[in-house]
Amino acid sequence: MPQRRTILTFTAALAFIAVAIVTSLKPASSGAQSSPGQALPRTTAGVSIMAYNIEGLPWPFAHQRPAAFGAIEQRLRQLRMLGEQPQVLVLEEAFTPAARAIGRDSGYRSVVVAGSATPFGSGLEIATDLPVLKVKRFTYPACAGFDCFAAKGAILATVALSSEVRVQIAATHLNSHKASGTDGSRANRVYFAQVDALSRFIAANRDPALPLLVVGDFNTYPAIRGDYLMRESRLWGADDSLRRLGVSIWKDKDRQFFASGESARLKPVKITVPFGREADGSMLSNHVGYAVQYRLDPAESASRKG
């Protein structure tokens, strides 16, 4: 039986590569160049952001996904009609053409994708209606198991909330554990190296004047990973939105970290769950898609805690 499982796994991996080569697409948008910063106005409305792993793996790793992608896109359009769509949408595992099209086809004006060091890319993208002023990309130098088929990494985008207010948003997807199909200790070593690399990427590209959000699928199981990530996030000067609001999300792998900048204070105020369990108990993905609304306060409040 072990030999048969190995053969099936290897065959599936080859099929994954073949499908990826056939369906690979070019990035939809790279973002504009940055513009000079200006002083923060007295009051700002804030920003809402949702990170959602849409389980966009191609066959044979995922089955019957196009219908789910259509339902995700339709719900995002419904939220847009109500004026409740997240201002920034971060998608992970958007590997197939149908998965990659969700941000664009649900009405977002700009879609920024991560690097494409493998034939099928990173599966990571940021979709937003906000002007994208600057984009930095990074691919993790280390990977483990099936995750090596994807060019996992990070995007750091600077977006404008208005002509005077900017925020930096880092999106990422870290190496999985058991799902990687490799030894757990090897997967964990790679995970720690990726978190360290993410910290260096943020330190090298962060504008200390601007508030920062670091969001994505952090694959925080087992607990040793979550503990390491929480310690490392302190180097970003960041706090976890779920912990700050006292909310627990199923699996808790998908996190949003926030940090104030010298010009503005960032604070989570509300969480909504557009993509959880359906009325029949099913889910559109094997992850929950939740959105966090953040409030921005002007510079004189940035140094206060809370």
Margin query: Would Q168 and K134 count as a side-chain contact (heavy atoms from CB on, under 4.5 Å) here? Give the steps.
Written below: CA-CA 9 Å; Q168 287 188 304; K134 187 176 183 180; over 6 Å; no
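- The number of heavy atoms from other shown groups lying within 6.0 Å of CZ (R277) is above 12.
- The closest side-chain heavy-atom distance from N188 to I224 is below 4.5 Å.
- Between F257 and E232, every side-chain heavy-atom pair lies at or beyond the 4.5 Å cut-off.
- Closest approach of A264 to L296, counting heavy atoms only: CB-CD2, 4.0 Å.
- Taking the side chain as every heavy atom from C-beta outward, T158 and V132 never approach each other to under 4.5 Å.
- Here S199 contributes atom OG and W236 contributes atom CH2; the two are 5.5 Å apart, rounded to the nearest 0.5 Å.
- Side-chain heavy atoms closer than 4.5 Å link hydrophobic residues (I, L, V, M, F, W, Y) into clusters, and following such links, possibly through other members, connects I72 to L91.
- Using a cut-off of 4.0 Å between Lys/Arg side-chain N and Asp/Glu carboxylate O, D217 and K253 are scored as not salt-bridged.
- E73 and S106 are not linked by any side-chain donor-acceptor pair at a separation below 3.5 angstrom, with hydrogens and angles left out of the test.
- Under a hydrophobic clustering in which Ile, Leu, Val, Met, Phe, Trp and Tyr are joined whenever their side-chain heavy atoms come within less than 4.5 Å, directly or via other members, L229 and V247 fall into different clusters.
- Checking side-chain atoms of R244 against main-chain N and O of P268 turns up no donor-acceptor pair under 3.5 Å.
- Put simply, I202 and Y140 are part of the same group of oily side chains (I, L, V, M, F, W, Y) that touch within less than 4.5 Å, one to the next.
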Would you tabulate the side-chain donor-acceptor contacts of residues 149-157 under 3.5 Å, counting partners in other chains and residues two or more places apart, or write 'none'?
| unit_1 | atom_1 | unit_2 | atom_2 | d |
| --- | --- | --- | --- | --- |
| K152 | NZ | D147 | OD2 | 2.6 |
| K152 | NZ | H173 | NE2 | 3.4 |
| K152 | NZ | L174 | O | 3.1 |

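- V90 and V135 fall within the same hydrophobic cluster, where Ile, Leu, Val, Met, Phe, Trp and Tyr residues are linked whenever their side-chain heavy atoms come under 4.5 Å apart, directly or through other members.
- Taken from NE2 in H177 to OH in Y191, the straight-line distance is 11.0 Å, to the nearest 0.5 Å.
- A side-chain donor-acceptor contact under 3.5 Å links S260 to the backbone of L266.
- Heavy atoms of other residues, nucleotides or ligands lying less than 6.0 angstrom from CG of L245 number more than 12.
- For the residue pair N219 / R225, no side-chain donor-acceptor distance below 3.5 Å is found, with atom types taken as modelled.
- Judged purely by atom type and a 3.5 angstrom limit, E92 uses its side chain to pair as donor or acceptor with the backbone of N53.
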Next item on the list: Test side-chain hydrogen bond (donor to acceptor under 3.5 Å, both in side chains) on Y294 and Q256 and set out the steps.
Entry: CA-CA 11 Å; Y294 295 89; Q256 296 196 21; 2.8 Å; yes
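- Atom CG of D105 is separated from atom CZ of R100 by 13.5 Å, given to the nearest 0.5 angstrom.
- For R75, the side chain to side chain donor-acceptor pair (under 3.5 Å) criterion is met by E278, not counting sequence neighbours.
- For Y228, the ring pair (Phe, Tyr, Trp, His ring centres under 6.0 Å) partners at least two apart in sequence or on another chain are F192.
- At a threshold of 4.5 Å between non-hydrogen side-chain atoms, the residues T128 and P86 do not count as touching.
- For R265 (side chain) and R295 (main-chain N/O), no donor-acceptor pair under 3.5 Å exists by modelled atom type.
- Note on L210 and L133: separate hydrophobic clusters, where clusters join Ile, Leu, Val, Met, Phe, Trp and Tyr whose side-chain heavy atoms are under 4.5 Å apart, directly or indirectly.
- Not one N or O on the side chain of Q87 forms a donor-acceptor pair closer than 3.5 Å with the backbone of D129.
- The two atoms that bring A238 and A259 nearest to each other are CA-CB, 3.9 Å, heavy atoms only.
- Residue pairs meeting the salt bridge (Lys or Arg N to Asp or Glu O under 4.0 Å) criterion with at least one partner in residues 186-207, sequence neighbours excluded, do not occur; the list is empty.
- When all heavy atoms of S180 and A187 are compared, the pair lying nearest together is OG-CB, 4.0 Å.
- Looking at every heavy atom in both residues, T96 comes nearest to F69 through OG1-CE1, 3.7 Å.
- Contacts of R109 classified as salt bridge (Lys or Arg N to Asp or Glu O under 4.0 Å), with partners at least two apart in sequence or in another chain: none.
- Side-chain atoms of Q194 and P141, non-hydrogen and from C-beta on, never get closer than 4.5 Å to each other.
- The nearest pair of heavy atoms linking L124 to A171 is CD2-O, 3.4 Å.
- Atom CZ of F218 sits about 9.0 Å away from atom CZ of R255, to the nearest 0.5 Å.
- The side-chain tip of R137 does not point at the ring of F201 from less than 6.0 angstrom away and within 45° of straight on.
- Residue pairs satisfying the ring pair (Phe, Tyr, Trp, His ring centres under 6.0 Å) criterion with at least one member in residues 259-282, sequence neighbours excluded, are listed as follows: Y52-F275.
- With hydrogens and angles disregarded, no donor-acceptor distance shorter than 3.5 Å links the side chain of T182 to the backbone of A144.
- Side-chain atoms of D254 and V288, non-hydrogen and from C-beta on, never get closer than 4.5 Å to each other.
- Closest of all the heavy-atom pairs between V111 and A127 is CG2-CB, 4.2 Å.
- Q85 and Y108 are not linked by any side-chain donor-acceptor pair at a separation below 3.5 angstrom, with hydrogens and angles left out of the test.
- Atom CZ of R77 sits about 7.5 Å away from atom CZ of R80, to the nearest 0.5 Å.
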Next item on the list: Please report the C-alpha distance between R65 and S285 in whole Å, then the side-chain angles of each, then the deciding distance to 0.1 Å, and finally whether the side-chain contact (heavy atoms from CB on, under 4.5 Å) criterion is met.
Entry: CA-CA 9 Å; R65 297 302 296 151; S285 173; 4.1 Å; yes
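- Between F258 and D239, some side-chain heavy-atom pair lies under the 4.5 Å cut-off.
- Between K267 and D297 there is no salt bridge, since none of the side-chain N atoms of the basic residue sits less than 4.0 Å from a carboxylate O of the acidic one.
- Counting heavy atoms from C-beta outward, C143 and N175 have side chains that approach closer than 4.5 Å.
- To the nearest 0.5 Å, the span separating CG on L213 from CD1 on I169 amounts to 5.5 Å.
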